[in-house]
Amino acid sequence: MTPMNRRKLLCKGAQAIAAGGAALAVMPTLEMQARGKEAAAVSIDYYHKLGVRPFINAAGTYTVLSASTMPDEVQAAVALAAKRPVNLTELLDASGVYLAQRLHCEAALVTSGAAAALVVGTAACVTLGNDRAILGIPTDTADLKNEVIVQKSHRYGYDHALRNCGIRFVEVETLEDYEQAFNEHTVMAHFFNAGAGKISREDWLRVAHQHGVPCFNDAAADVPPISNLWKYTQMGFDLVTFSGGKGMRGPQCTGLLLGRKDLIEAAKKNNSPNSNTIGRGMKVAKEEIVGLVAAVDWFLKQDDVAMETEYQRRADLIAKQLSSIPSLQTQIFVPEVANHVPHLLITYDQNRLKITGADVMQRMREGNPRIELNPSTGGPPASAGLPGGPNTIVVGVWMLQPGEERTVARRLREVLQTAIRS
Ligand SMILES: *Cc1c(COP(=O)(O)O)cnc(C)c1O
């Protein structure tokens with residue numbers, strides 16, 4: 001219901017109340033008829049009330065752009081879970097057993113995001129078998145192992161999540177460096193799944209396991225394909241994380257930590273709801289735990305080929321609508337690992353179109369409806385494996401709601417047409 005219609009309806013209700021006492025019951029009845037049985041509560045559009053303008057997501061699953069929206073069945077599960085209290089430890093345990101079974105791994109934990117999974121997973125490795133250390137990290141680490149080996153090219157924007165546990169990174173570049181890097185302080189070997197580097201996953205695992213050191217793989221943005229949810233644990237990674245709010249379309253503040261049972265148990269001890277732990281500030285509520293379980297159920301019902309075909313269709317439709325714009329070239333691009341879905345890549349000759357990619361992005365953002373293009377538009381690549389550039393427009397189609405591809409195509413055509421040099 002638009003705010004305008006709601007106001008009208010409320011107005012009608014108010015008139016009915018003014019018309020006579022018996023009409024007091026009319027308003028809720030009208031509401032219920034209008035909004036279906038469960039509409040006992042009136043929902044207020046707080047985005048509208050706060051003056052925050054939502055947008056059509058032609059970007060992708062970017063955190064600051066709120067990543068994804070939950071499918072209806074996930075939203076319904078969250079709403080139902082919100083109605084009754086439960087014991088959080090029981091819910092975390094039960095959801096962990098369920099997820100481990102569905103995702104073919106030993107154990108699982110719902111965290112408040114992939115970044116939180118990196119924190120409590122690292123804490124698990126540092127404190128395994130040493131409950132006193134749970135209290136001590138990140139400052140009282142004198143008698144703890146504290147070195148995490150990582151490829152230099154795998155240092156990234158989530159380093160801080162691991163460093164929160166008081167560890168220090170030991171960087172390696174070649175397999176020989178790596179073999180030499182293990183010592184009595186080594187506590188974990190960290191791998192960034194979408195990172196580039198000389199050392200393969202197989203070599204990474206083999207050498208670490210020769211030294212009895214656990215390996216963590218950060219695959220936060222790396223579904224689809226759906227089977228990645230078990231691929232890396234089955235390869236032998238001791239811990240693997242995925243973001244719950246990206247491709248899986250669960251609540252944005254959720255993540256999956258999957259892996260070895262003893263490490264998952266240790267991660268739980270370091271996590272909310274336990275007080276005085278490193279993870280206490282990374283609480284997941286009952287709504288989010290249930291929301292992620294429902295999102296996993298939803299995601300496992302999807303089909304990789306069907307998803308890819310649909311994204312391809314959207315990208316093709318937009319490309320076709322732009323075909324009359326001078327000098328414009330379109331190409332469908334699928335990043336290798338992270339965000340592994342078709343994106344529409346548009347390039348043009350700035351001698352023919354007098355506009356920068358950054359200006360296109362700004363005009364789309366300011367227009368009506370508001371549209372957010374992929375942040376690689378007009379600038380450097382926004383995430384691993386994406387192209388970028390000043391005369392480049394990137395459209396992420398996978399987070400569009402059905403039909404929005406037509407609006408994106410129309411608005412892009414309008415913006416680009418005004419830039420044609422005569
Ligand atoms: C998005 C992302 C994260 C963080 O995920 P959240 O669920 O937002 O905490 C961590 N690592 C990588 C590689 C990511 O892409």
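Quick caveat, the model's predicted, so the values are computed rather than measured. Nothing fancy with the numbering, it's 1 onward along the sequence. One-based numbering, in listed order, for ligands and for the atoms of each.
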**Q.** Parallel, tilted or perpendicular: rings of F192 and Y156 (30°, 60°)
**A.** tilted
Thinking salt bridges, do E310 and R314 make one under a 4.0 Å N-O criterion? yes
Is a salt bridge present between E405 and R313, judged by a nitrogen-to-oxygen distance below 4.0 Å? yes
Original post:
Are a donor atom and an acceptor atom from the side chains of T174 and D177 found within less than 3.5 Å of each other?
Top reply: yes
Check: Are I393 and L416 close enough that some pair of their side-chain heavy atoms sits under 4.5 Å apart?
Finding: yes
For D303, salt bridge (Lys or Arg N to Asp or Glu O under 4.0 Å) partners two or more places apart: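 Once residues adjacent in sequence are excluded, D303 has no partner under the salt bridge (Lys or Arg N to Asp or Glu O under 4.0 Å) criterion.
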Check: every ligand 1 N/O to protein N/O pair under 3.5 Å:
| residue | atom | partner | partner atom | Å |
| --- | --- | --- | --- | --- |
| ligand 1 | 7 (O) | A114 | N | 2.8 |
| ligand 1 | 7 (O) | S243 | OG | 2.6 |
| ligand 1 | 9 (O) | A114 | N | 3.1 |
| ligand 1 | 9 (O) | A115 | N | 2.9 |
| ligand 1 | 11 (N) | D218 | OD1 | 3.3 |
| ligand 1 | 11 (N) | D218 | OD2 | 2.7 |
| ligand 1 | 15 (O) | K246 | NZ | 2.7 |

